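Everything below concerns the one structure shown next.
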Amino acid sequence: MSDATIHHGGDRKWTDYFTFCTDHKVIGIQYLVTSFLFYFVGGALAEVVRTELATPDPDFVSPEVYNQLFTMHGTIMIFLWIVPAGAAFANYLIPLMIGADDMAFPRLNAVAFWMQPVGGILLISSFFVGAPQAGWTSYPPLSLISGKWGEELWILCLLILGTASILGAINFVTTIFKMRIPDMDIHSMPLFCWAMLATSALILLSTPVLAAALILLSFDLMAGTAFFNPTGGGDPIVYQHLFWFYSHPAVYIMVLPFFGVISEVLPVHSRKPIFGYRAIAYSGLAISFLGLIVWAHHMFTSGTPGWLRMFFMATTMLVAVPTGIKIFSWCATLWGGKLQLNAALLFAIGFLSSFLMGGLTGVMLAAAPFDIHVHDTYFVVGHFHYVLFGGSVFALFSGVYHWYPKVTGKMYDEIWGKIHFVMTFVGFNMTFLPMHYLGMQGMNRRIALYDPQYQGINQICTWGSYILALSTLPFLVSMALGLIKGKVAGRNPWRALTLEWQTTSPPEIENFEEMPVLWAGPYEYGIDTESEDGDEDIEDMLTEVANVG
Amino acid sequence: MQSSVTTTNGAIASEYQEAPTEQHGHADYRMLGLVFFLVAETMIFMGLFAAFVIYKVTVPDFTKELELLVPTINSVILVSSSFVMHKGQSAIKNDDVKGLQLWFGLTALMGAVFLGGQVFEYSNMEFGLTEHLFGSCFYVLTGFHGLHVTAGLLFTLAVLWRSREAGHYSSSSHFGVEAAELYWHFVDVVWLVLFLLVYLL
């Protein structure tokens with residue numbers, strides 16, 4: 001029996017979530033819950049970092065521990081939180097959205113998931129042998145002289161998670177290409193699938209290069225070679241090239257899936273067809289392509305010659321074009337829509353504003369003269385948190401609220417969801433907006449001890465971070481209340497048109513009782529579809545779909 | 001059978017009158033998965049090669065002379081083994097399991113000879129892993145490739161093992177054979193690039 005025709009059989013038990021289960025829905029939940037656990041760990045580390053920075057002296061933790069904290073915070077948030085969270089959505093949604101009964105390679109899928117806890121435990125266990133201190137980038141030669149075993153565990157963790165992410169990407173593209181219902185051509189596919197196509201292409205082309213860099217770094221650490229060690233004739237800049245060839249595209253690996261989520265949430269909750277379907281779909285691919293050729297903008301201060309800086313400066317700024325196309329399309333989708341301001345849409349709008357800000361400071365940083373001025377200052381820290389928290393995390397919460405009724409069959413608690421949004425939005429902006437000013441004033445990143453003149457603003461950031469941390473509570477309350485006493489959601493509470501809403505909530509084990517029917521394109525909301533020869537009104541069909549549950 | 005209704009904005013709304021008998025008509029999705037996997041593998045080697053080329057261009061006195069006899073014989077063996085293996089695939093297309101076993105067995109033998117040659121080469125090397133940057137690059141690149149030859153060899157042996165069962169491979173169902181062959185060709189092509197970069201240039 002081929003992988004694609006494995007039948008799961010029987011009802012879903014809670015124990016399935018702790019086993020090697022090949023059902024893509026179980027794997028999606030496993031990914032999401034695991035990544036949220038790491039989010040709490042990474043968040044706790046960040047709070048210790050912020051508490052330390054509330055005063056200019058390193059009095060809360062020692063500088064050595066401080067280095068370990070920000071290194072582990074960065075690594076966990078990137079590799080164990082936001083990248084697997086994207087995979088969580090993709091695993092749960094792609095087969096449902098294209099009308100398939102599972103992913104193309106279910107067993108491979110389960111293997112890829114179980115690598116997450118293994119990698120995470122390896123990484124966290126490095127605290128027992130001296131956690132890595134060289135930052136999430138692990139630049140040599142610093143990474144070669146600060147704590148050998150912690151660094152090696154860090155490398156192992158990343159190799160395992162990188163492999164998992166490659167296996168996942170193979171699964172996503174194969175599923176999208178080969179398992180759509182026959183009716184669905186590539187241009188009637190939901191935009192989330194397009195986003196995952198672009199993301200997977202990036203993963204396949206860039207993640208292996210990081211593996212190459214890590215293999216060489218590991219040899220330097222453990223076998224005494226000198227690939228990146230200048231004292232042995234090696235060149236640390238080579239590591240930076242290989243590392244950023246992955247880690248710049250990694251930014252898009254982290255945000256593109258959530259661009260897809262936003263493209264699903266906005267049209268449903270504003271009752272409007274998505275504006276510029278093809279523009280959004282293709283701009284994702286354009287972002288992927290440009291993302292692969294701009295890596296050296298992270299290295300403007302690494303002795304990169306001027307002419308090369310010009311090339312990377314220009315190509316980096318070009319990324320703003322497809323990103324702008326997306327932003328304007330989303331705004332145009334909202335324009336004149338019947339907005340249902342629930343938690344899902346609020347987070348989507350929060351995403352739009354925060355990500356826009358991150359994108360604009362990104363264009364500033366792309367300019368080499370400005371970048372040289374603020375390089376490795378808090379301006380950069382502010383910028384990438386606006387991109388990754390304001391971009392990915394806001395959209396992720398939006399997606400969690402949007403698909404909560406589908407996954408659980410119940411509605412989340414709207415009031416606590418809104419409190420969650422307000423606290424997150426306030427805490428987020430209070431934490432990261434002042435950092436831009438700090439950076440312009442010259443405060444370095446990755447330091448525990450700073451000049452007392454920066455203390456006031458740092459305290460604002462720290463208080464903001466506490467609000468941000470506390471905002472997790474209303475989120476958990478909303479989720480829990482939904483499970484305990486939320487009203488039954490039915491098949492399609494949002495009256496959405498994508499295929500996942502045609503099955504029961506939560507979806508049955510085989511996904512669909514019978515092959516789902518493509519009534520219309522995925523985003524045909526609120527249009528007058530009475531055609532000349534008197535065909536059925538799509539809104540009628542929609543109502544029919546909505547009422548089946 | 002399906003009928004389509006075109007709505008005012010050009011989108012297609014279709015209804016099913018009867019569901020197709022098989023949802024996943026394409027059996028070739030496994031091959032697609034393998035191709036994507038090989039794309040990722042290619043990129044690992046690209047990363048290693050890129051590092052090597054940068055060192056070659058920027059580090060003074062980087063390149064060291066290498067003995068060419070053994071690796072040249074090895075290259076000939078590896079390249080011809082790809083053709084040998086292809087004979088095996090052609091055989092199974094004619095339901096000739098004996099032919100498959102013969103040619104795949106020969107391929108496995110040639111792969112083993114290649115690895116043996118590599119071990120011989122290592123044992124006669126004038127420098128070690130940590131002596132200089134070129135030595136480090138040499139061992140890591142050829143060693144990583146050797147690891148891939150080993151994987152390909154195991155893949156080939158697995159096909160041989162499975163072919164003992166009557167009817168496991170036939171002219172209509174032999175994905176494992178094709179996958180092993182594609183992987184072997186990939187390892188082969190990577191070797192040619194590696195041979196050119198490390199030994200000849």
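To find a chain, count down the sequence lines: A is the first, B the second, and so on, and within it residues start at 1. This one's a predicted model, so the numbers in the text were calculated from it and none came from an experiment. The figures here come from the full heavy-atom set of this structure, side chains too, leaving out hydrogens, waters and symmetry mates.
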| In terms of heavy-atom pairs under 4.5 Å with chain A, which of B/Val140, B/Val59, B/Thr58, B/Leu34 leads? | B/Val140
| remark: Counting heavy-atom pairs under 4.5 Å with chain A, the top scorer among B/Val35, B/Thr42, B/Leu48 is B/Leu48
Measure distances from [X] to the heavy atoms of chain A and classify the residue's part below 4.5 Å as side chain, backbone, both or neither.
X        : answer
B/Ile54  : side chain
B/Phe144 : side chain
B/Tyr55  : side chain

What heavy-atom pair brings [X] and [Y] nearest, and what distance separates the two atoms?
X        : Y        : result
A/Pro236 : A/Pro140 : CB-O, 3.5 Å
A/Leu499 : A/Gly99  : CD1-N, 3.8 Å
A/Val238 : B/Ala51  : CG1-CB, 3.9 Å
A/Pro95  : A/Asn511 : CB-ND2, 4.2 Å
B/Ser171 : B/Lys93  : CB-O, 3.2 Å

Which residue out of [options] racks up the most heavy-atom pairs below 4.5 Å with chain B?
options                                : answer
A/Asp185, A/Ile166, A/Leu205           : A/Leu205
A/Asn171, A/Thr225, A/Ile203           : A/Thr225
A/Leu216, A/Thr174, A/Thr175, A/Leu242 : A/Thr174

Is it the side chain or the backbone of [X] that comes within 4.5 Å of chain B heavy atoms, both, or neither?
X        : result
A/Tyr239 : neither
A/Phe227 : both
A/Ala211 : side chain
A/Ile215 : side chain
A/Phe228 : both

| Criterion side chain to side chain donor-acceptor pair (under 3.5 Å) on B/Trp184 and B/Thr156, from CA distance to verdict | CA-CA 9 Å; B/Trp184 195 259; B/Thr156 312; over 6 Å; no
| task | Please check if any side-chain donor atom of A/His24 sits under 3.5 Å from a side-chain acceptor atom of A/Asp101, or the reverse. | result | no
Listing, residues 194-201 of chain B side-chain donor-acceptor contacts under 3.5 Å, not counting sequence neighbours, or none:
from	atom 1	to	atom 2	distance (Å)
B/Tyr199	OH	B/Glu121	OE1	3.3
B/Tyr199	OH	B/Glu121	OE2	2.6

| Residue list, side chain to side chain contact (heavy atoms under 4.5 Å, CB included) with A/Pro522, at least two apart or on another chain | A/Tyr277, A/Thr498
